[in-house]
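Worksheet: one structure, shown below.
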Amino acid sequence: MRTNLQFRGCRATAVPFVGRLQRPQVSFRQVARMALPSDFKDSYVHLAHQLADAAAQITRKYFRTLVDVESKGDTSPVTIADRQAEISMREKIEQTFPDHGIFGEEHGLKFGSGAASKYMWVLDPIDGTKSFITGKPLFGTLISLVYEGSPVLGIIDQPITKERWVGVVGQPTTLNGQTLRTRPCIDVKLAYLYATTPHMFSGDNEAAFNRLRDQVRIPMYGCDCYAYGLLAAGHCDLVVEADLKPYDYMALVPVVQGAGGVMTDWSGRPLVWQPSPGATDLKSGWPGEVCAAGDPALHLQALKILDWQH
């Protein structure tokens, strides 16, 4: 039985569904919002902008040119633009805050030292390399500052369209200096959902994603980090993905939450990652599945449909 809907974007009204739910109800708690650390400095935000500028200068130079594409150990592609952009950002961090840690997709992990070791910069020079090498301007540079494992500052920078989303814990998210808000959408049947590709899901998480995909109004693919910027700006309602690493999502959390949205793993837990010095298995402890929603009520509804490993 289908619900009768009167569509007005995501503000549609619906006749309540009457019938038996096919999946058990699961109780979730909303994620507590982190406060900005007392020693957080405005100069961290200034540096993040400098990092985005430095990466953009390199990625623009190579965009839509004939660059060699190599395959990494996980078969994902990488180019000279990825590597040079990350090196440029790492050098600026090391010059400005040498005690901070750095974790980048292309050049690995360096732990911080001294009193500043609680801070780590998490970098993805080109999130969406497949888009980059095929000439699609929907990739982005992701820059996050993480404090004791939790992201407190995040930037999504699209260097071709020159759009820059900035999220700082406790502050409203901005796009090129303009404050953003997500849009209300409390009914999953009205939601527009993004995932980078359906091929990022497999096994149990594919079955879970397909349950959600089959209930939304429109599922869409192919935006990488840009989809989270669209969500923060109120143009879509859900982004649900799997097989991600911390450099894929840490920068996105402050952007989504500062615009009024919610972003967690599929069990409703905060996206936190804090490796121990000397750790050899960095993947243990990082969640691979994420769920971002512009409306907190929609986020809870999506988690119940995913019903993930409870």
Side-chain angles (χ1 to χ4, degrees), residues 23-36 122 124 127 142 144-154 156 165 167-170 173 180-186 188 191-196 200-201 204-209 211-213 215-216 223-225 227-232 234 236-274 283-310:
R23 298 197 61 80
Q25 292 293 316
V26 182
S27 177
F28 294 93
R29 291 183 302 169
Q30 284 291 0
V31 175
R33 299 298 175 97
M34 180 180 176
L36 203 61
V122 181
D124 191 345
D127 180 75
L142 297 180
S144 179
L145 182 58
V146 173
Y147 178 81
E148 293 186 333
S150 296
V152 295
L153 161 65
I156 307 170
W165 288 261
V168 178
V169 164
T173 293
L180 297 180
R181 290 295 298 175
T182 59
R183 68 186 185 186
C185 183
I186 61 171
V188 70
Y192 290 75
L193 174 146
Y194 263 114
T196 294
M200 70 195 325
F201 307 98
D204 289 344
N205 69 27
E206 181 179 19
F209 173 78
R211 284 196 299 273
L212 180 60
R213 176 206 64 194
Q215 294 197 46
V216 301
C223 270
D224 296 289
C225 63
Y228 297 84
L230 294 176
L231 185 145
C236 65
D237 307 295
L238 283 168
V239 187
V240 177
E241 302 196 293
D243 193 29
L244 300 186
K245 288 79 175 175
Y247 44 73
D248 293 317
Y249 56 73
M250 283 298 193
L252 308 173
V253 176
V255 171
V256 169
Q257 296 189 161
V262 183
M263 186 168 173
T264 67
D265 70 8
W266 284 13
S267 296
R269 296 181 296 244
L271 295 166
V272 175
W273 176 68
Q274 188 175 24
K283 292 184 179 180
S284 67
W286 79 35
E289 295 84 14
V290 306
C291 176
D295 189 307
L298 178 63
H299 180 258
L300 290 175
Q301 193 175 1
L303 293 182
K304 290 176 183 179
I305 295 168
L306 290 168
D307 193 17
W308 181 244
Q309 297 184 345
H310 288 284

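Predicted, not measured: the structure shown is a model, and the values here were computed from it. Hydrogens, waters and symmetry mates play no part in the numbers below; they use all other heavy atoms, side chains included.
- Ile305 places a side-chain heavy atom less than 4.5 Å from the side chain of Arg211.
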When you look at Leu231 and Tyr194, which way does the side-chain contact (heavy atoms from CB on, under 4.5 Å) test go after all the steps? CA-CA 9 Å; Leu231 185 145; Tyr194 263 114; over 6 Å; no

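- Trp266 places a side-chain N or O within donor-acceptor distance of the main-chain N or O of Val290, the cut-off being under 3.5 Å.
- Residues Val122 and Pro151 have side chains not in contact (no heavy-atom distance under 4.5 Å, counting atoms from C-beta outward).
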Derivation of the salt bridge (Lys or Arg N to Asp or Glu O under 4.0 Å) call for Asp237 and Arg183: CA-CA 7 Å; Asp237 307 295; Arg183 68 186 185 186; 2.7 Å; yes

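- With hydrogens and angles disregarded, no donor-acceptor distance shorter than 3.5 Å links the side chain of Glu289 to the backbone of Asn205.
- A donor-acceptor pair under 3.5 Å is formed between the side chain of Asp248 and the backbone N or O of Lys245.
- No donor-acceptor pair under 3.5 Å is formed between the side chain of Tyr249 and the backbone N or O of Met263.
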Would Leu153 and Val169 count as a side-chain contact (heavy atoms from CB on, under 4.5 Å) here? Give the steps. CA-CA 6 Å; Leu153 161 65; Val169 164; over 6 Å; no

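- No donor-acceptor pair under 3.5 Å is formed between the side chain of Glu241 and the backbone N or O of Ala195.
- Using a 4.5 Å cut-off on side-chain heavy atoms (C-beta onward), Met200 and Leu244 make contact.
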Under the side-chain contact (heavy atoms from CB on, under 4.5 Å) rule, what do Leu238 and Val216 come out as? Steps first, then yes or no, please. CA-CA 9 Å; Leu238 283 168; Val216 301; 4.2 Å; yes

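- In plain terms, the two heavy atoms of Val255 and Gly154 that are nearest each other are CG2-O, 3.7 Å.
- Counting heavy atoms from C-beta outward, Asp265 and Leu271 have side chains that approach closer than 4.5 Å.
- Here the closest heavy-atom approach between residue Gly167 and residue Pro254 is recorded as O-CB, 3.5 Å.
- A heavy-atom distance below 4.5 Å is found between the side chains of Leu212 and Val240.
- Taking CD from Gln257 and OG1 from Thr173, the interatomic distance works out to 9.0 Å, rounded to the nearest 0.5 Å.
- Although no hydrogens or angles enter the test, the distance criterion places a donor-acceptor pair under 3.5 Å between the side chain of Asp127 and the main chain of Cys225.
- Looking at Cys291 and Leu303, their side chains come closer than 4.5 Å, going by heavy atoms from C-beta outward.
- Here the CZ-CG distance, from Phe209 to Asp204, works out to 15.5 Å after rounding to the nearest 0.5 Å.
- Formation of a donor-acceptor pair under 3.5 Å by the Trp165 side chain with backbone atoms of Gly229 is found in this model.
- Interatomic distance, Asp124 CG to Ile156 CD1, rounded to the nearest 0.5 Å: 11.5 Å.
- Looking at every heavy atom in both residues, Glu148 comes nearest to Val272 through O-CG1, 4.5 Å.
- Contact detail for Ala251 and Leu142: the closest heavy-atom pair is CB-CB, 4.0 Å.
- Here the CD-CG distance, from Gln215 to Leu193, works out to 11.5 Å after rounding to the nearest 0.5 Å.
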Assess whether side-chain contact (heavy atoms from CB on, under 4.5 Å) is satisfied between Leu36 and Val168, documenting all intermediate values. CA-CA 8 Å; Leu36 203 61; Val168 178; 3.9 Å; yes

